[in-house]
Amino acid sequence: MSSTPHPEGPLATDTTSPDDPLDLAGIGVGPFNLSLAALAHPLTQLRTAFYDQRPAFHWHPGLLIDGATLQVPFLADLVTLVDPASPWTFLNYLKTRERLFPFYFAERFHIHRAEYDAYCRWVSEKLPTLHFGHQIDAIRWNPERELFEVDFTQLDTDGEAEALGRTYARNLVLGIGTTPHIPVPLRPLADAPAVPVIHSADYLDHRERLLAADHVTVIGAGQSGAEIFLDQLRARPAGRERLHWLARTPAFAPMEYSKLGLEHFTPDYTRYFHALPERVRDDLVPGQWQLHKGIDHTTLAALHDELYRRTLDGGWPDATLTPGVFVRTAGRVGTTKVELHLDHIQQGTRSRLTTDAVILATGYRERRMDTLLAALDPYVRRDSGARPRVDAHHRLVLDPAITGSVYVQNAETHTHGVGAPDLGLAAWRSATILNSLTGDTPYPLPTRTAFTTFGLPQPTTGRTGMVPRQGSTLVPRR
């Protein structure tokens, strides 16, 4: 494939030449590529650079609600579970802020979401390999040079094009994140500004407007939906709450947080899941929704306490919580209201709900890579569902004509399971990528991470006895 020249224009200062390419170019700087950049930092034999079109790091700014916490322990930071001696740990962040003793006495295992965002920004501001304000325009493979060519536009502080650039890299890692999911019946309403129909990702930007709305409907029974419903409930006068909370799930269910249940977020389970047939993997993921789409027990308790408190003077709060419902269609009523046409799954009944504002806590979907990888598409090997195949080292399976690797972060739930978007596996995946990239083990990883043995040993012929190996499999004794 021939090299397509980048459009003419001022040249960015951080381009690289084909004679001195990067070992790894990262596209996107969310928590996962930030973890990779932090763990790559001490590996001086590697030349890396990471690009993001935003002006600076921010992690879900629309959901940094006061008091909201992570659903994973603080040890699930960018590096600790692989390298607790790293300078980029959350505890070292606290040390630099002279906050170790307050944190010690706070006895918090699950930190505030805003604090996690501040910690990640601290790391992002200190790593020299990060380049914000860089919009990636195209990625190509140059067969003559056996390098990836990455064209980008450098943006100014207002997001306007300032200069053009090209970098060359032997390998790529895509950490382009997820995108808010808006159900099809509500997409036309979300695009029109007259009545607020917003995704939870933008909640804080619209909070005051939503509090002023006479009636608000929250759709979605995950953690974000629960936190937003609770925030709206607390801010509204007793007896005049005027809130609806709707969910497709059969219940406002707690997240699976048992100790053995959490072992689904271990490398052992990830390896087991990856080795399963594609059809089995596809059947498994939807049934595991409560592992990562349920609601934290503390949030559920706080919700019930707030609702109960409002009954102390008699009467019930004007708040309706209805699971097992989905929005069939939706439309506007005049210029100030939205009408939702609802189906109840178990009853087989239908109803209508008129509301002044809708908050869609309907989750996120993996961002499609098709446009970004359009030039590489002929080389990408796909499964029966036309999804990219991803190997055990988190690399896209490519045509052998491409000698470089394209790693992915949080784009492989279909091949690696529910742990793909989990912060707790970020450091382990980053270390796996770096070990694969270097052909060495700069980060030795444990062979066993779970008490659960996922799967049975393979049948053997002519041998007896089995011994455990790799934590999650059994092999014949030799």
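Checked for salt-bridge contact, D318 and R236 miss the test: no charged N lies under 4.0 Å from a carboxylate O. A salt bridge links E412 with R429: at least one charged nitrogen is closer than 4.0 Å to a carboxylate oxygen. Using a 4.0 Å cut-off between charged side-chain N and carboxylate O, R387 and D282 make a salt bridge. Ion pair R99/E115 flagged as a salt bridge, since at least one NZ, NE, NH1 or NH2 atom sits closer than 4.0 Å to an Asp/Glu carboxylate oxygen. Using a cut-off of 4.0 Å between Lys/Arg side-chain N and Asp/Glu carboxylate O, D399 and R381 are scored as salt-bridged. Remark: R234 does not engage E241 in a salt bridge, criterion side-chain N to carboxylate O under 4.0 Å. Taking a cutoff of 4.0 Å between a charged side-chain nitrogen and a carboxylate oxygen, R281 and E278 do not qualify as a salt bridge.
F103 does not carry R108 over the face of its six-membered ring by the limits of under 6.0 Å from the centre and within 45° of the normal.
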Steps toward side chain to side chain donor-acceptor pair (under 3.5 Å) verdict (Q71, H110): CA-CA 7 Å; Q71 272 64 67; H110 294 81; over 6 Å; no
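Counting non-hydrogen atoms of other residues, nucleotides and ligands closer than 6.0 Å to CZ of R382 gives a total above 12.
Tested against H264, the residues Y272, Y269, W289 include a single ring pair (Phe, Tyr, Trp, His ring centres under 6.0 Å) partner, Y269.
Ring geometry, Y51 versus H131: the interplanar angle falls under 30°, so the pair is classed parallel (tilted spans 30 to 60°).
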